[in-house]
Amino acid sequence: MHIHTPHQALRNAIQKAVHETFGIFSASFVVEHPADLTHGDYASNIALTIAKEVGKAPRMIAEELKAKLDDSLDMVSSIEVAGAGFLNFRLARSYFADVVSSITVAPHAWGSSTHFEGEKVLLEYTSPNLIKPLHVGNLVGNIIGESLARLYSFAGARVVRMNYPSDIGPTVAKGVWALKEHGLDVQDIHAVGKAYVLGNAAYEDGSAKDAIDAVNRALYEKSDTELVALHEAALRTTIDAMNELCAQLGTTFDGVIYESEAGPRGRDTVRSHIADGIFEESNGAVIYRGEKVDLHTRVFINAQGLPTYEAKDIGNLSIKHEQHPDWTRMLIVTGGEQREYFKVMFAAAREVFAEAKERMMAHIPTGFLTLTTGKMSSRLGNVLTADEVLGDLRAAAKERAAETRAHDVDELADMIAIAALKYQILRQAIGSDIIFDKERALSFEGASGPYLQYTHARIGSLAEKALAAGMSPEVAVTPADPYEIERILYRFPEVVHEATVAHEPHHLVTYLTELAGSFNSFYAHERIADATDPYAPYKLQLANAVKVTIANGMYLLGTTAPEKM
RNA sequence: GCUUCCAUAGUUCAAUGGAUAGAACAGGGGACUUCUAAGCCCUUGAUCGUGGUUCGAUUCCACGUGGGAGCACCA
């Protein structure tokens, strides 16, 4: 059973009425949800937009349209004219009951769609620098990427989750140099992280610049067996740590491409396009003149003949295309500081790869994550590592979890910690900087991941109690007017779709928080599992539908909702 | 200097060009012998400035102010 939203039907009916009443064919207007529920379920500004052309007051026009539309729409119970001339529509009671029914009949499908059926989305995210432990900032890309992967998948696309870690280059060389110089334990992720800090300091103060450059070259050329062995050992340590962390966060990658693989491919590709003028040589380097497309010049191969980030990315795209020639969208989630870089890289890529011209290639910029306690810098070593943050969240969650009805306290604590973290990151528009307030995240109160989880578990408990009391959820008898919660519930698929196409999971976060808030208010004001209440079966089924919606929504955010809490 | 992103309550965030700018936290107050108080109810409090476009601007445009990021061999 698939429930259609009344949106398109309303649009069509309005269009028709405007044509028949005023002879206007192509009016521009919106049909939207009013911000205030007291204004109804849908509203249209049609009367305001055609007022000039018609030559009448908007309210008069609205009245004429109302007369025309009244009783012509099954799903609409009433229409009113309000404000400056808005047409407000209220949906029929039966529509809401149908929605509740369809949700509980096919819970797993609720919110899913076929909007992106036939598409293959290559989604690249996380992509850390493999010589230091992941810090909270690295978490941002992973969390956003995973949510987008789930959203696309839920909308029918085939999604390939890809990770593109940096395992070679000057940054890595700094760490390898220091590991050797200071004889640090390459098996210890913290020691490897410390090595990077030491190497960077020695590079910047000039004391080891030449030595580190030499290490970098040696690693590219594999000319020094001791360094190569150290490099490989350090990579194993950091890759293990990365995989462990990603598993905790709920991400499993379908493919990993390392920069060391992409480098040679990219370098060859770039070189082969010097003759045709896409790239050119300059001061010993190979560059792309971005000015020809109103951008800036960037170096793709440096004077030492080594591929830079830009050539490596060309190689990365080439490998991706080879592995998945049928891709339709290639999305890369990385920090916002790379905005301008990606414009240039994509411009070059579109010249190099003819097949990319018509398909979507996009950079999804994430914001910086800063702490309320001050700035972080991995160079200076004052970062909050991802492990630390998760550890703190887990410890705080465990304290609370111990007092709950959960069977497995550790499992619940994990679920809460992850939800608390992801909610904080996904609650705001991606791309804008995130001020991470650890105290806030640890409080678990108000708008938060645990708030959603609590609401979910609360309904679970309610359903259990009702079942034990011999009540069964049904949609047969409904109260005359829909509850507020019902008037929010049916919008879920629209919100999911909006979050997907806009690449903005925060729409979903905002919605779920509103839904949970509305349910908790409903819960506080209405007896739900009351055997003497004729509406109890419907209220129970409604509560179940809310629970399904929270569960599906939380899944799309990359989190889970517990049955008991 | 050029490019680019941003500016909303004390704080952290919302608001496909719409109606009285919406939450959370913090502050003040309250209900509960009733299905989970990580909850509910009430309350104080905001669009950086000046113009422009529009029936209507937090949203679009211009200028200004303030901040972040990027701009040749890092990623």
Side-chain angles (χ1 to χ4, degrees), chain A residues 30 32 34-36 38-39 43 45 47-49 51-52 57-58 82-86 88 127-129 166 169-172 174 203 216 259 282-287 290 294-304 306 308-310 312-313 334-341 343-344 365 367-368 370 372 400 403-405 416 424 427-429 431-437 439-440 443-455 457-466 469 498 502 506-507 509-510 513-514 516-517 520-530 540 543 564-565:
Chain A
V30 296
E32 62 188 353
D36 188 341
T38 61
H39 291 143
N45 62 351
L48 287 84
T49 64
K52 205 170 229 176
F86 291 96
N88 291 341
S127 306
N129 234 313
S166 179
T171 304
V172 174
K174 289 173 186 172
Y203 191 88
N216 187 34
E259 277 191 10
S282 170
N283 299 331
V286 180
I287 63 167
D294 278 334
L295 297 168
H296 61 276
T297 294
R298 297 198 74 105
V299 172
F300 279 63
I301 300 174
N302 70 22
Q304 295 177 44
L306 300 179
T308 60
Y309 184 39
E310 3 304 74
K312 290 175 191 169
D313 253 333
T334 72
E337 74 279 6
Q338 294 171 19
R339 277 174 216 269
E340 301 307 299
Y341 159 74
K343 287 183 190 169
V344 177
F368 294 125
T370 54
T372 41
R400 298 295 295 273
E403 307 155 5
T404 65
R405 307 166 184 191
I416 292 173
Q424 282 266 318
R427 63 196 282 254
Q428 62 183 283
S432 54
D433 291 349
I434 300 164
I435 314 276
F436 187 79
D437 186 338
E439 294 306 313
R440 246 319 264 309
S443 86
F444 305 145
E445 266 153 35
S448 69
Y451 177 76
L452 302 180
Q453 292 177 317
Y454 177 74
T455 309
R458 192 179 227 185
I459 298 172
S461 151
L462 195 57
E464 206 172 67
K465 281 237 159 85
E498 196 184 335
H506 83 277
H507 290 306
V509 173
T510 305
T513 307
E514 191 191 349
N520 283 323
S521 183
F522 175 66
Y523 180 91
H525 292 103
E526 292 275 343
R527 245 352 250 173
I528 297 170
D530 178 349
L540 281 165
K564 290 178 190 290
M565 180 172 175

(message) Base contacts versus sugar-phosphate-only contacts with protein, heavy atoms under 4.0 Å: please encode nucleotides 15-20 of chain B as B, S and - from 5' to 3'.
(response) SB-BB-
Partner residues of [X] under the side-chain contact (heavy atoms from CB on, under 4.5 Å) criterion, sequence neighbours left out:
{"X": "His296(A)", "value": "Glu291(A), Arg298(A), Glu340(A), Val344(A)"}
{"X": "Leu306(A)", "value": "Asn216(A), Arg217(A), Tyr220(A), Asn302(A), Gln304(A)"}
{"X": "Asn88(A)", "value": "His39(A), Ala43(A), Glu80(A), Ala82(A), Phe86(A)"}
{"X": "Thr49(A)", "value": "Phe29(A), Asn45(A), Ile46(A)"}

(message) Whether the side chain of Arg427(A) and the base of rU12(B) hold a donor-acceptor pair under 3.5 Å is what I'd like checked.
(response)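 Answer yes: a donor N or O sits under 3.5 Å from an acceptor.
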(request) Could you tell me whether the side chain of Ser282(A) has a donor or acceptor atom within less than 3.5 Å of a complementary atom in the base of rA72(B)? (result)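 Flag set: donor-acceptor pair detected.
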(request) Go through the structure and list residues passing ring-ring contact (aromatic ring centres under 6.0 Å, His included) with Tyr309(A), not counting sequence neighbours. (result)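 Scan of Tyr309(A) (ring-ring contact (aromatic ring centres under 6.0 Å, His included), adjacent residues dropped) gives Tyr341(A).
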(message) What's the separation between atom OG1 in Thr370(A) and atom CG in Asp433(A), rounded to the nearest 0.5 Å?
(response)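 Rounded to the nearest 0.5 Å, the OG1-CG separation comes to 6.5 Å.
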(message) In whole Å, measure the gap between the C1' atoms of rA57(B) and rG49(B) for me.
(response)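 So the two C1' atoms sit 16 Å from each other.
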(message) I'd like the C1' distance from rU47(B) over to rU59(B), given in whole Å.
(response)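 Comparing C1' positions in rU59(B) and rU47(B) gives a spacing of 10 Å.
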(request) Among rU4(B), rU36(B), rA75(B), find the nucleotide with the atom closest to the side chain of Ser461(A). (result)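 Taking heavy atoms from C-beta onward, the closest nucleotide is rU36(B).
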(message) Starting the side chain at C-beta, find the nucleotide from rA38(B), rA75(B), rC40(B) nearest to Tyr451(A).
(response)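 Closest nucleotide to the Tyr451(A) side chain: rC40(B).
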(message) Can you list everything that forms a salt bridge (charged side-chain N to carboxylate O under 4.0 Å, His left out) with Glu514(A)? Sequence neighbours excluded, please.
(response)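 Salt bridge (charged side-chain N to carboxylate O under 4.0 Å, His left out) check on Glu514(A) returns nothing, list empty.
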(request) Name all residues meeting the salt bridge (charged side-chain N to carboxylate O under 4.0 Å, His left out) criterion together with Glu464(A); count only those two or more places apart in sequence or in a different chain, and write none if there are none. (result)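 Residues passing salt bridge (charged side-chain N to carboxylate O under 4.0 Å, His left out) with Glu464(A): Lys564(A).
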(message) Pairs counted only when both distances fall under 3.5 Å, Watson-Crick or G-U: show me the 5' to 3' dot-bracket for RNA chain B, [ ] for pseudoknotted crossings and | for other-strand partners.
(response) (((((((..((((....[...)))).((((.........))))....(((((..]....))))))))))))....
